[in-house]
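What follows is a short report on a single structure.
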Amino acid sequence: MTTTAANVPDKPSLDGIEARWAAQWDADGTYRFESPVPRDQVFSIDTPPPTVSGSLHMGHVFSYTHTDTIARYRRMSGKAVFYPMGWDDNGLPTERRVQNYYGVRCDPSQPYQPGFEPPFRGDPPKKHQAIPISRPNFLELCDELVELDEQVFEDLFKRLGLSVDWNHHYATIDERSRRAGQRAFLRNVARGEAYSQEAPTLWDIDFRTAVAQAEMEDRERPAAYHKIPFERTDTGDDGPGAIEIDTTRPELLPACVALVAHPDDERYQPYFGSTVRTPLFGVEVPVVAHELAQPDKGTGIAMICTFGDTTDVTWWRELNLPMRSIIGRDGRLLPDPPGGVDPRAYAPLAGLTVKQAQRAIVEQLDEAGLLIGEPRPIEHPVKFYERGERPLEIVTSRQWYIRNGGRDPELRAALIERGTEVTWHPAHMQHRYENWVEGLNGDWLVSRQRFFGVPIPVWYPLDDQGEPRYDDLLLPDESDLPIDPSTDVPAGYTEEQRGRPGGFTGDPDIFDTWATSSLTPMIAGGWEDDPELFASVFPMDMRPQAHDIIRTWLFATMTRSHHEFGRVPWTHAALSGWILDPDRKKMSKSKGNVVTPMDLFDQYGTDAVRYWAGSARPGVDTAFSEDQMKVGRKLANKLLNVSKFVLQFGEPTDGAELAAGVTHPVDASMLAKLDAVVTEATSAFEAFDYARALERTEAFFWWFCDDYVELVKGRTYDAARPDAANSAKHALRAALSSLQRLFAPTLPFAAEEAWSWWHDVSIHASPWPTVTGLGGDVTLVDPAIEALRLVRRAKTEAKVSQRAEVATVTVHAPAELHPALDAACADLVDAGSIRELTVVEGGSLSTDVLLAEPSAP
RNA sequence: GGGCGAUUAGCUCAGCUGGAAGAGCGCCACGUUCACACCGUGGAGGUCGGGAGAUCGAGACUCCCAUCGCCCACCA
């Protein structure tokens with residue numbers, strides 16, 4: 001590191017330093033990463049690509065700050081840090097934002113309009129009816145808006161001071177991501193890890209797309225038990241002898257394929273193997289036994305429908321029941337009844353929504369006297385798509401899946417094993433991973449019936465009837481990727497053959513957004529595109545992310561890396577917590593208490609906001625606290641001021657090295673304390689515990705300012721004792737240098753500002769501090785500080801200025817403390833404005849303080 | 001129902017391998033000291049959620065309980 005003559009401003013200030021230094025770092029390429037670098041000299045980060053269509057909130061600031069502190073530490077400790085940035089811009093959130101922003105909706109049947117101008121750019125009126133536009137027009141608007149959003153994010157992140165190398169960025173919809181996504185998928189297909197299947201699938205009727213297990217959530221919803229009798233076919237008895245079932249979904253009566261009870265349930269043993277007739281619709285269905293039936297729920301015997309819930313799917317599959325689908329992809333009852341269902345009873349239901357159908361059927365049951373008692377209201381959990389507003393239905397459709405262990409115990413065990421190869425921060429987060437993997441009940445559904453995403457790179461040949469032959473895939477060559485099967489043509493075919501019997505058709509679907517983002521370490525690392533880069537950074541060192549997406553992003557990434565490379569994608573997973581309201585509720589927009597990060601940066605300064613984030617333990621949910629930002633502001637300010645103070649003394653005049661220059665035991669003692677702090681902060685950072693590193697540094701720092709500097713500053717001014725003064729200057733400057741660097745990861749702007757007063761090279765390109773190793777006695781300085789405190793207290797109690805003169809101080813101390821007190825005697829006399837100080841033998845440290853008579857005004 | 005985490009001063013939280021209860025904020029009082037009023041000095045304030053156990057010794061270790069939060073689970 002080069003040292004220049006100190007160039008300290010008269011009035012140090014935090015104002016405006018963010019813009020100044022961000023521009024300087026940009027210009028200097030301070031955070032640039034250039035491959036190749038030997039892998040062991042690199043620290044690589046699989047940065048989370050934020051969903052750019054979402055809003056910027058304190059959660060981003062919080063977790064990205066944590067990662068940045070670690071990146072900065074690693075950089076200073078000598079690693080080449082690969083810290084890229086990605087934008088997650090494909091998928092449903094973008095589509096929805098485009099719809100809301102421009103007042104349009106995608107309708108693939110519309111023709112493309114060149115030069116289309118959307119009716120609005122931002123905030124169309126509520127009443128506005130969305131204009132249907134073609135898929136290409138819709139995708140153009142997606143691209144346009146995504147670019148705007150990404151700029152806003154980049155501005156925020158630069159202001160936050162993220163030490164990202166902005167030359168390394170990607171978007172999950174860009175060409176590189178599409179190529180990587182399609183390539184990885186084709187390889188999954190080739191190895192049998194991906195397959196398509198026609199099967200019952202959870203379906204969002206508003207978004208009209210299939211939904212994966214990981215994207216579901218339960219919500220408590222009101223419902224009602226309806227008790228309905230099923231007539232027994234052997235006795236023809238629909239009276240008291242009928243089997244009564246309780247159902248919350250009477251509208252699924254026409255979809256009923258069986259009744260089920262637990263095999264051990266005494267009440268229903270006699271009926272297993274017999275059949276009953278569905279009320280109203282007159283379908284004969286069997287009474288079957290299965291362990292999943294719960295004797296204590298409802299009447300203990302349930303109606304199996306195709307499909308009311310995922311248990312129905314299990315029963316249907318395991319008991320080989322027939323299919324009677326009645327719900328279409330739009331959530332309305334299909335126009336025609338399934339086989340065996342009385343068409344006259346069904347006709348009035350056709351085309352109704354699920355809700356309407358329920359009302360209609362309950363009415364019919366009631367009129368027919370087939371509703372036993374009143375419906376009994378309950379609250380129960382219902383599955384929703386996490387972004388959806390109406391309950392999920394289950395419809396049968398052809399979908400693509402990637403094996404993730406959900407149907408394969410060996411793969412599941414292998415993925416759990418992979419979890420043990422990752423170091424988790426905090427460690428208990430590994431439980432969530434294992435918990436999730438163990439609870440999987442199916443493979444990963446990766447196809448989505450949406451528009452803005454990576455197309456599934458597959459075509460299907462059409463048979464003579466024009467029906468796709470799904471088992472006979474037409475696949476592109478890897479070198480042609482990325483492709484869009486809706487516009488590109490498979491080898492050996494011509495565009496004219498699209499959709500014609502004997503021709504081909506493209507898969508109309510796109511990948512789930514997690515299918516692309518599960519490849520972020522590969523995309524960012526230049527997998528196959530830039531082998532030199534890839535070899536330098538993969539597998540990555542660190543995956544930072546929020547704990548709520550362990551089941552999605554983390555697990556999916558693990559799965560893809562396991563399939564493709566047979567190894568973990570990174571060696572450390574650092575999970576950050578949530579931001580909570582000051583009242584401990586998860587921060588939410590609806591409560592109107594979301595603060596914008598930019599306002600806080602303006603109000604407190606970026607370093608202050610980073611301080612708040614950096615004070616939170618890894619993985620711990622943390623209350624939003626402006627008080628903490630105020631503390632951070634004070635700390636940053638103090639760092640500037642103490643830097644100015646120390647530097648104003650100038651360099652030692654003896655020209656000695658530190659080891660030879662620190663001749664005073666009090667100074668050596670302070671540096672020994674600092675050594676302990678450096679050691680602790682370093683090991684904390686090595687363990688990804690930025691908060692502990694900050695806390696230790698901060699605690700020492702305030703002690704340094706309030707006690708050590710106060711104790712020795714008189715000596716430092718003392719021209720009569722140049723050796724003693726030089727020792728203090730050596731120690732002060734060495735400590736300042738280390739402190740600035742210890743703070744640099746958390747307070748990058750203030751640290752850089754103060755550092756720049758006496759260095760040419762950026763602090764962020766300077767080495768992490770090491771111990772001085774002078775071997776001072778850590779405890780030596782403490783008795784003197786304690787004595788100083790006692791003197792201060794005496795002055796405070798006497799309500800006089802700390803500057804007030806003291807006539808005599810008698811320090812009582814045990815003999816073993818005398819050498820320490822003697823060593824600091826002159827400093828104490830200075831710091832306490834003491835005329836006469838004596839140290840005498842005593843039990844525990846105490847002082848007799850005699851204040852001097854106040855001089856006449 | 002299963003799993004995980006938390007419970008320490010009015011508030012937000014440290015207290016990592018067991019060895020005399022800590023910090024900041026807030027509050028009170030005092031002080032404009034030649035780096036800092038975005039300041040300094042001092043003070044008050046806690047039977048560490050409850051109970052039991054092992055230990056010379058527990059805020060920390062073991063077990064049980066309570067409360068709060070999160071994740072997961074099969075919607076009759």
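Naming: A, B, ... by sequence-line order, numbering from 1 per chain.
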Expressed in angstrom and rounded to an integer, what is the separation of [X] atom [atom1] from [N] atom [atom2]?
X: A/Glu318; N: B/rC74; atom1: CD; atom2: C1'; answer: 12 Å
X: A/Ile549; N: B/rC72; atom1: CD1; atom2: C1'; answer: 17 Å
X: A/Asp218; N: B/rC75; atom1: CG; atom2: P; answer: 7 Å
X: A/Leu845; N: B/rA20; atom1: CG; atom2: P; answer: 18 Å
X: A/Ile579; N: B/rU12; atom1: CD1; atom2: C1'; answer: 13 Å
X: A/Leu851; N: B/rC30; atom1: CG; atom2: P; answer: 17 Å
X: A/Phe624; N: B/rC25; atom1: CZ; atom2: P; answer: 18 Å
X: A/Met429; N: B/rG3; atom1: CE; atom2: C1'; answer: 13 Å

Checklist entry - When the aromatic ring centroids of A/Trp436 and A/Tyr433 are compared, is their separation below 6.0 Å? => result no
Next on the checklist: Measuring centre to centre across the rings, with the benzene-like ring taken for any Trp, is A/Tyr611 within less than 6.0 Å of A/Tyr604?
Outcome noted: no
Next on the checklist: For B/rC72 and A/Arg551 - does any side-chain N or O of the residue sit under 4.0 Å from the phosphate oxygens OP1/OP2?
Outcome noted: yes
At 4.0 Å (heavy atoms only), tell me whether [X] reaches a base, stays on the sugar-phosphate, or touches nothing.
X: A/Glu698; result: nothing
X: A/Gly298; result: nothing
X: A/Ile304; result: nothing
X: A/Ala293; result: base
X: A/Arg696; result: base
X: A/Ile378; result: sugar-phosphate
X: A/Glu217; result: nothing
X: A/Ile245; result: nothing

Item to check | Contiguous pairing runs of three or more, Watson-Crick or G-U under 3.5 Å, that involve RNA chain B | outcome: B:1-7 with B:66-72, B:10-13 with B:22-25, B:27-31 with B:39-43, B:49-53 with B:61-65
For [N] and [M], measure between their [atom1] atoms and round to the nearest Å.
N: B/rC28; M: B/rA44; atom1: C1'; answer: 7 Å
N: B/rU8; M: B/rG3; atom1: P; answer: 25 Å
N: B/rU67; M: B/rU55; atom1: P; answer: 32 Å
N: B/rG10; M: B/rG49; atom1: P; answer: 13 Å
N: B/rG45; M: B/rG22; atom1: C1'; answer: 13 Å
N: B/rC25; M: B/rG40; atom1: P; answer: 9 Å
N: B/rA21; M: B/rG15; atom1: C1'; answer: 9 Å
N: B/rA66; M: B/rG46; atom1: P; answer: 30 Å

Next on the checklist: Can a side-chain donor-acceptor contact be found between A/Thr796 and A/Gln802 if the only test is distance below 3.5 angstrom?
Outcome noted: yes
Next on the checklist: Whether the A/Ser643 and A/Gln740 side chains hold a donor-acceptor pair (N or O, under 3.5 Å, no angle test) is what I'd like checked.
Outcome noted: yes
Where the side chain of [X] is defined as all heavy atoms beyond and including C-beta, which of [options] is the nearest nucleotide?
X: A/Gln294; options: B/rC74, B/rG15, B/rG3; result: B/rC74
X: A/Asn441; options: B/rC74, B/rA73, B/rA14; result: B/rC74
X: A/Ala623; options: B/rC4, B/rU12, B/rC70; result: B/rU12

Checklist entry - Partners of A/Glu786 by salt bridge (charged side-chain N to carboxylate O under 4.0 Å, His left out), sequence neighbours excluded? => result A/Arg789
Item to check | A/Lys638: partners by salt bridge (charged side-chain N to carboxylate O under 4.0 Å, His left out), with sequence neighbours left out | outcome: none
Checklist outcome for this item: Residues passing the ring-ring contact (aromatic ring centres under 6.0 Å, His included) test with A/His226, sequence neighbours excluded, are none
Checklist entry - Can you name the ring-ring contact (aromatic ring centres under 6.0 Å, His included) partners of A/Trp612, sequence neighbours left out? => result A/Phe62, A/Phe624
Checklist entry - Heavy-atom distance under 4.5 Å between the side chains of A/Leu635 and A/Val631, does that happen here? => result no
Checklist entry - Of A/Arg617 and A/Tyr225, whose closest RNA chain B nucleotide lies nearer the 5' terminus? => result A/Arg617
Checklist entry - Would you call A/Asp15 and A/Arg633 a salt bridge, taking side-chain N to carboxylate O under 4.0 Å as the test? => result yes
Item to check | A/Lys799 with A/Glu797: basic N within carboxylate O range, under 4.0 Å | outcome: no
Item to check | Audit row: A/His547, A/Arg432, side-chain hydrogen bond (donor to acceptor under 3.5 Å, both in side chains) steps and yes/no | outcome: CA-CA 9 Å; A/His547 59 63; A/Arg432 297 212 184 174; 3.1 Å; yes
Item to check | B/S/- contact track for nucleotides 33-46 of chain B, protein heavy atom under 4.0 Å | outcome: B-BBSBSSBSS---
Next on the checklist: So, under a plain 3.5 Å distance rule, would you say the side chain of A/Asp627 forms a donor-acceptor pair with the base of B/rG24?
Outcome noted: no
